[in-house]
Amino acid sequence: MSSPQNPAPDRKREAPADAGLTARVDSALGCGVARVTGSALGTYQTAVLRIGLSFTWLFFLLREWPNRHELYGPDGPWSWDMARRLTDDNRAFTALVWSDSGVWFETVYVLAIVFSALLMLGWRTRTMSVLAMIGVLSLQNRSIFVGDGGDNVLHLMALYMVFTRCGRVWSLDARRAARREKGPGTDSGAGDRDMTGIVLWTLCGLALVVAQAVGDTRLEWTADGPVPGIGWATVLWGLWAAQGLWWLARHHAPGEPRTVLDAFANLAHNGALLVIMVEVCLIYATAGWYKIQGSRWQDGTALFYPMHIDYFSPWPALSHALASSGTVVLLLSYGTVAVQVAFPFTLLNRRVKNVLLAVMMAEHVGIAVTLGLPFFSLAMIVADAVFLPTSFLRRLGALVGRAGGRLPLVRRGAVPAPRKSEDGAAGTRTLVG
């Protein structure tokens, strides 16, 4: 009777294979963690988002300056009492319900303009991103029925931009950092103590104290916040404390504490960038699939009707010329649905993605011209820019620098490359570009 075979040799042969697989998995995980914590990805893309979204909001506020009282102020059909009751139900944040004073409204509106302009220029982007977000939320949540769809994009992106390191290129912050690296004597405003930052941080803390101490501002610690269980007081004070902690680590603990904080900042930046990319994909995917369910989109006549609405016809002759051709209407209707549904899938191939990205930007330009929705189109084009290749953005920046000549923000050589992170790694390109 033969003895059973000994399986030990097989186990010995399998053990090296299992060990090799485990080592490869561990190496991949280690590289992934090092990538998302060691550097801020997509620095050029987030800079475009910062500049483009701030410009869109700033342009809108300036254009609607004569109509500001009817849109968000005391003369609007949506009165202050109605806004107060609505925000009691939906828990939306807006500083304009703190007081029905006309002076307070003018102050908030002007500050929203100032904060947007400073964020666009990239001056103290960590602070200005928060203040600009407060301006966007305060005005939009005051009258939620005013807007054309682009306001929703601005609303969401303003929240996400707070967590990004969007001032690492094409900003006054990057310019100041570059001068500081050359030496303290080259920039009079780049002292070690950074008095401007200290004063700004102190003023923001005093403003929070006054806001919580005076009146019913709804700055609660555990209620009426962006997420359940966390109030706006917790969020704003947390951001304020994080800024102070960063300053302390930078000036008094430049070793491991600063490296750890920089890793957390990179992780927050990359996480917010991923959320922005997913948000853009969801916008197009949901828009495309909902269109498929509509009978007018199915028979290819959907675009015929808005082209005959006076409110959406800034150029009636152009709209009527396009609508007069059934073939053009059919191609535009089907083409709109096709590119919106296909866009999330094209991210698997960069070349196809870049082609479709150009098509979608051209589509938004067409919407701005034919339907008279410039701010919606501009906001979507800026959101699409998160998928632009880094090489293209660098060439675009160099082209703008040559055209701009002596402009401080775009002068050639002023900010030639993304600022390095604390561990010396330069910013890398976006996840898909």
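Below, each value reflects all heavy atoms present in this structure, side chains not excepted, and no hydrogens, waters or symmetry copies. Note that the coordinates shown come from a computational prediction; the quantities given were computed from them, not determined experimentally.
- Legend: residues meeting ring pair (Phe, Tyr, Trp, His ring centres under 6.0 Å) with Tyr290, ordered by chain and number and at least two apart, are absent.
- Atom-to-atom distance recorded for Ile283:CD1 and Asn152:CG is 8.5 Å, nearest 0.5 angstrom.
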For Phe387 and Met360: C-alpha separation, side-chain torsions, deciding distance, then whether side chain to side chain contact (heavy atoms under 4.5 Å, CB included) applies. CA-CA 12 Å; Phe387 295 103; Met360 299 192 71; over 6 Å; no
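- Residues Val97 and Trp80 come closest through the heavy atom pair O-CZ2, 3.2 Å.
- Pairs engaging residues 64-83 under the salt bridge (charged side-chain N to carboxylate O under 4.0 Å, His left out) rule: Arg68-Glu106 [sequence neighbours left out].
- A distance of 8.5 Å separates CE in Met120 from CD1 in Ile51, rounded to the nearest 0.5 Å.
- To the nearest 0.5 angstrom, Lys353 atom NZ is 11.5 Å from Leu348 atom CG.
- Identified under the ring-ring contact (aromatic ring centres under 6.0 Å, His included) test for residues 115-154, with sequence neighbours left out: Trp78-Phe145.
- Side-chain atoms of Trp201 never come within 3.5 Å of backbone atoms of Thr127 as a donor-acceptor pair (strictly under, hydrogens ignored).
- Among the candidates Thr46, Val278, Val36, the single residue satisfying the side-chain contact (heavy atoms from CB on, under 4.5 Å) test with Leu273 is Thr46.
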Between Ile198 and Met195, is a side chain to side chain contact (heavy atoms under 4.5 Å, CB included) present by the stated rule, with each step listed? CA-CA 5 Å; Ile198 295 175; Met195 289 304 300; 4.2 Å; yes
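- The two residues Trp104 and Ala95 come nearest to each other via the heavy atoms NE1-O, 2.7 Å.
- The SG atom of Cys166 sits 8.5 Å away from the NE2 atom of His269 when rounded to the nearest 0.5 Å.
- Looking at every heavy atom in both residues, Arg142 comes nearest to Gly73 through NH2-O, 3.2 Å.
- Using modelled atom types, no side-chain atom of Arg258 and backbone atom of Ala249 make a donor-acceptor pair closer than 3.5 Å.
- A salt bridge does not link Asp173 with Arg165: none of the charged nitrogens is closer than 4.0 Å to a carboxylate oxygen.
- Other residues, nucleotides and ligands contribute only 12 or fewer heavy atoms inside 6.0 Å of the CH2 atom of Trp315.
- Trp247 pairs in a side-chain contact (heavy atoms from CB on, under 4.5 Å) with only one of the listed residues (Arg250, His251, Gln243), which is His251.
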Test Leu303 against Tyr334 for side chain to side chain contact (heavy atoms under 4.5 Å, CB included), laying out the working first. CA-CA 10 Å; Leu303 294 181; Tyr334 282 174; over 6 Å; no
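- The main-chain N or O of Pro374 is never found under 3.5 Å from a side-chain atom of Ser377 such that the two would form a donor-acceptor pair.
- Here the side chain of Arg168 pairs no donor or acceptor atom with the backbone of Thr43 at under 3.5 angstrom.
- One N or O on the side chain of Gln45 and one on the backbone of Leu388 form a donor-acceptor pair closer than 3.5 Å.
- Under the 3.5 Å distance criterion, the side-chain polar atoms of Gln298 are matched with a main-chain donor or acceptor of Ile292.
- In this structure, the side chain of Asp151 engages the main chain of Gly149 through a donor-acceptor pair within 3.5 Å.
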Under the side chain to side chain contact (heavy atoms under 4.5 Å, CB included) criterion, do Val260 and Glu256 qualify, and how do the steps go? CA-CA 6 Å; Val260 172; Glu256 184 176 354; 4.1 Å; yes
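- Between Asn266 atom CG and Asn270 atom CG the span is 6.0 Å, to the nearest 0.5 Å.
- Separation of atoms CG (Leu96) and CG (Leu137) is listed at 11.0 Å; rounding is to 0.5 Å.
- Few gaps surround CZ on Phe105; more than 12 heavy atoms of other groups in view lie less than 6.0 Å from it.
- Between the side chain of Thr94 and the main chain of Ser138, a donor-acceptor pair closer than 3.5 Å is present.
- In the displayed structure, Tyr305 atom OH is contacted under 6.0 Å by more than 12 heavy atoms of other residues, nucleotides or ligands.
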